[in-house]
Amino acid sequence: MNSLVDTSHIQALDSAHFLHPFTDFKALNAQGARVMTEAKDIYVWDSEGNRVLDAMSGLWCVNVGYGRKALADAAQAQMLKLPYYNSFFQTTNVPAATLAARLASLAPTVGGRSFEHVFFSSSGSESNDSNVRMVRRYWDLLGQPERKIIISRTNAYHGSTMAGASLGGMSGMHAQGDLPIPNIVHIGQPYFFENGQPGESAHDFGIRAAGWLEERILALGAHKVAAFIAEPVQGAGGVIIPPATYWPEIQRIVDKYGILLISDEVICAFGRLGHWFAYEKFGYRPDLITFAKAVTSGYIPLGGVMVGDRVAKVLIEQGGEFNHGYTYSGHPVACAVALANLDILESENLVGRVRDDVGPYLAAQFAALLDHPLVGQAETCGLMAGLVLVKDKASNTLFPADLSVGMVCRGHCFANGLIMRAVGDRMIIAPPLTITHAQIDEMMGLIRLALDKTLADARRSGWLEANL
Ligand code: PXG
């Protein structure tokens, strides 16, 4: 692909005026941002003509891949017909009503609970704010206003608004802005590699980690706990895949104490794990499901909450007016793009393909990475994958954090045409669901190249034991 963009001009405008999210502004300005200009399939091009294989699907969202004309056509057609109208004052629009019904039909009924209703927003963060509002309203309406506390987990990511960042368990975010807001508390994450005890099986660890929820409920007083929120698989936290025993035990505990379960599927829904929704894969029964990102494959902002019967019934039958909503709740263009996106996911069987074909293929390739001297653990779940860089494989000893080995490895990925993320020394990917076997092979070749270059750096710099 060819680009006629004047890189330094755009970088100058960018430095002077654009405050980027989660960015050290001064450091970026000194270096200049990479200017992305075009994209097709699973590849993105920058203004210098460099092609990169985008193994992160943008930011976990471009599930159908780049360059889909059908999505652009859907947006254009809707913009020409009805670009905007609000849903506040007893009005609706065709795409929003149609999409709500379509999403309801995609969310399977489990244990007699179904999801017939959707509350729309424009992002995952807003959706989680809506969750807090709905959960507290639900308990108020049931005459239990003291049920206010929402339990979340350390290293969870639930967004960047005041409520989203509070629900999240990122200490760096809490440190800026007096967070968390009141009545949000955190328990430990189910990360076996780091938190499993010597001799403990993943099976036992999963039950122990879920038990932290019960311990906290009892410590707080069950009558004060409103809900538990969790990602099925933690994304931003580093693709933390819980042991198989974790979710069933969580379900047992929330059922025992009657607390609501919020499944934050902003990353995991719409095929990422080989199912339309991730609770289906793990077999639990949420009351509320947060979605965003891949509902439109990131082509246009849209998010929302799937509201299960238990909550919907109370809000609808007993609630009167719900004093909450956004200008763009049920935006017709965003909903039209979502419908076209769901058409692609369905007609190309992308969800089934992850479950039965490319997911298992990626799992086999990732397992093979364990032969690399730096890889202490490598695992996948659908099309999410993570590996841990270690100093010593025999004991799975991590590198000292101040060496930032993950960032060194990420640097090699970027320099060699691969977007792979580093969360500490956990290297993670989540490629578009359209990725072919040949493209997975290409990606694995680039991952191995980056690992080899990182190993060479480690040897040269004396970061490893002398005999490695
Ligand atoms: N919940 C989850 C599980 C997410 O992954 C959000 C909520 C918030 O969505 P919005 O649309 O408000 O950004 C997310 C977003 C990262 C990274 O570094 C991940 C996200 C956002 C930004 C960075 O991996 N996920």
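Counting from 1, the numbers follow the sequence of the chain as shown. Remember, it's 1-based here, ligands and their atoms both numbered in the order they're listed.
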**Request:** Indicate, as side chain, backbone, both or neither, the part of Lys293 found under 4.0 angstrom from ligand 1 when only non-hydrogen atoms are considered.
**Result:** side chain

**Asked** Taking both backbone and side-chain atoms of Gly124, is any N or O found less than 3.5 Å from an N or O belonging to ligand 1?
**Response** yes

**Prompt:** What atoms of ligand 1 come within less than 4.0 Å of a heavy atom belonging to Ile267?
**Reply:** 5 (O)

**Message:** Could you measure the distance from the CZ atom of Phe270 to the CG atom of Leu342? Nearest 0.5 Å is fine.
**Reply:** 6.0 Å

**Prompt:** Measuring from the heavy atoms of Arg421, does anything fall under 4.0 Å of ligand 1?
**Reply:** yes

**Asked** Which ligand 1 atoms does Ala236 reach within 4.0 Å, using its non-hydrogen atoms?
**Response** 16 (C), 19 (C), 24 (O)

**Request:** Using distance alone, determine whether His158 and ligand 1 share an N or O pair under 3.5 Å.
**Result:** no

**For ligand 1, the portion of Leu59 having any non-hydrogen atom under 4.0 Å away** = side chain

**Request:** Using a strict 4.0 Å cut-off to heavy atoms of Ser123, name the atoms of ligand 1 that fall inside it.
**Result:** 11 (O), 12 (O)

**Request:** With heavy atoms of Asp264 as the reference, note each atom of ligand 1 found under 4.0 Å away.
**Result:** 1 (N), 2 (C), 3 (C), 7 (C)

**Request:** Verify whether one side chain among Ser121 and Ser127 offers a donor that lies under 3.5 Å from an acceptor in the other.
**Result:** yes

**Message:** Would the distance check show the side chain of Ser297 and the main-chain N or O of Val64 forming a donor-acceptor pair, the cut-off being under 3.5 Å?
**Reply:** yes

**Item:** Donor-acceptor pair between Thr296 and Asn341 side chains, under 3.5 angstrom
**Value:** no

**Message:** If the cut-off is 4.0 Å to any non-hydrogen atom of Glu231, which atoms of ligand 1 fall inside it?
**Reply:** 3 (C)

**Numbered atoms of ligand 1 (with element) below 4.0 Å of Ser125, judged on heavy atoms** = 8 (C), 9 (O), 10 (P), 12 (O)

**Request:** State whether a side-chain donor-acceptor pair under 3.5 Å links Arg208 with Tyr246.
**Result:** no

**Asked** Hey, are Tyr257 and Glu214 close enough side-chain-wise for a donor-acceptor pair under 3.5 Å?
**Response** yes

**Item:** Option with minimal heavy-atom separation from atom 6 (C) of ligand 1, where the choices are Tyr157, Trp60, Phe22, Phe291
**Value:** Tyr157

**Message:** Check Arg102 with Asp343, please: is the shortest side-chain N to carboxylate O separation under 4.0 Å?
**Reply:** yes

**Request:** With ring pair (Phe, Tyr, Trp, His ring centres under 6.0 Å) as the test, would you mind laying out the steps for Phe119 and His324 before giving the verdict?
**Result:** CA-CA 10 Å; Phe119 191 91; His324 173 72; 5.4 Å; yes

